Amino acid sequence: MIQVTPQMRIRVAVEPADFRKGIDGLARVCRETLHNDPFSGCVFVFCNKSRKAIKILVYDGQGFWLCQKRLSKGRFPWWPQSSAASHAFQAHELTVLLSGGNPAAARGVPPWRRVDGNPYEKSDVSPCTVS
């Protein structure tokens, strides 16, 4: 089972993939078309031409996982459009995409925030201390 976490780097292929391809074929697409290392730990997401199915390829350090979701009816209504070969996603956007939603409309908390100096300097809240 693959758990999608905020720390994961997710790349969604813009162009449809040939779903007759398995792990080796999609790993080649990662290298040659997406210009990414399939062994990098990135989560690679592909759709088929009819957008009725999605495949996810990820290397976990020991081997590859290949997951597929095929809709019983309908199609995935949204897919990224870009001049680049792939599009970077955040974890919450992938969850929305897998549920058949529009990740571009999904708003989440920014993935990071800048930490400058002591966060307690300008507030009345004091850091936790052990008595």
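Just so we're clear, the structure is a prediction, and the values are computed from it rather than from any experiment.
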[atom1] of [X] to [atom2] of [Y]: how many Å apart, nearest 0.5 Å?
{"X": "L94", "Y": "I10", "atom1": "CG", "atom2": "CD1", "result": "4.5 Å"}
{"X": "K73", "Y": "K52", "atom1": "NZ", "atom2": "NZ", "result": "12.5 Å"}
{"X": "C30", "Y": "D37", "atom1": "SG", "atom2": "CG", "result": "9.0 Å"}
{"X": "L26", "Y": "R31", "atom1": "CG", "atom2": "CZ", "result": "11.0 Å"}

Is a donor on one side and an acceptor on the other found under 3.5 Å between the side chain of [X] and the backbone of [Y]?
{"X": "W78", "Y": "A105", "result": "no"}
{"X": "E32", "Y": "V29", "result": "no"}
{"X": "S40", "Y": "N36", "result": "no"}
{"X": "S82", "Y": "A84", "result": "yes"}

Requested in this report: Establish, yes or no, whether a centroid distance under 6.0 Å links the rings of F64 and F39.
Outcome: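 Centroid separation for F64 and F39: below 6.0 Å.
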
Report task. Would you mind reporting whether V45 and L98 have side-chain heavy atoms less than 4.5 Å apart? Result ->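 Not in contact.
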
Requested in this report: Report yes if some heavy atom in the side chain of Y59 is under 4.5 Å from a heavy atom in the side chain of P38; otherwise report no.
Outcome: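 No. Closest side-chain heavy atoms not under 4.5 Å.
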
Query - Contacts of type ring-ring contact (aromatic ring centres under 6.0 Å, His included), residue F76, not counting sequence neighbours - result: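 Partners of F76 by the ring-ring contact (aromatic ring centres under 6.0 Å, His included) criterion come out as none, since no residue qualifies.
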
[X] versus [Y], closest heavy-atom pair with distance:
{"X": "W79", "Y": "R51", "value": "CB-NH1, 3.2 Å"}
{"X": "Q90", "Y": "E93", "value": "N-OE1, 2.8 Å"}
{"X": "A91", "Y": "V4", "value": "CB-CG1, 3.6 Å"}
{"X": "V96", "Y": "P103", "value": "CG1-N, 3.8 Å"}

Query raised in the report: Between V12 and V58, is there a shared hydrophobic cluster once you connect ILVMFWY residues whose side-chain heavy atoms come closer than 4.5 Å?
Result: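 In one cluster: yes.
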
Query raised in the report: Same hydrophobic cluster for V14 and F46, using side-chain heavy-atom links shorter than 4.5 Å among ILVMFWY?
Result: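 Different clusters.
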
Requested in this report: Please collect all side chain to side chain donor-acceptor pair (under 3.5 Å) contacts where either partner lies in residues 5-18, sequence neighbours excluded, each pair once.
Outcome: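 Every pair satisfying side chain to side chain donor-acceptor pair (under 3.5 Å) with a residue in residues 5-18: T5-Q7, R11-S86, D18-R20.
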
Requested in this report: Let me see the working for L71 and I54 under side chain to side chain contact (heavy atoms under 4.5 Å, CB included), right down to the final yes or no.
Outcome: CA-CA 9 Å; L71 297 177; I54 288 178; over 6 Å; no

Query - Within 6.0 Å of CG in D24, more than 12 heavy atoms from elsewhere - result: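 Result for CG/D24: open.
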
Query raised in the report: For R28, does the CZ atom sit with more than 12 other heavy atoms under 6.0 Å from it, leaving out its own atoms?
Result: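 Check fails, neighbour count at 12 or below.
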
Query raised in the report: Do V43 and I56 pass the side chain to side chain contact (heavy atoms under 4.5 Å, CB included) test, and can you show the C-alpha distance, the side-chain angles, and the key distance before you say yes or no?
Result: CA-CA 7 Å; V43 176; I56 297 174; 3.5 Å; yes

Requested in this report: Just jot down the side-chain contact (heavy atoms from CB on, under 4.5 Å) partners of R70, sequence neighbours excluded, or say none.
Outcome: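 Partners of R70 by the side-chain contact (heavy atoms from CB on, under 4.5 Å) criterion, ordered by chain and then number, come out as A53, Q68.
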
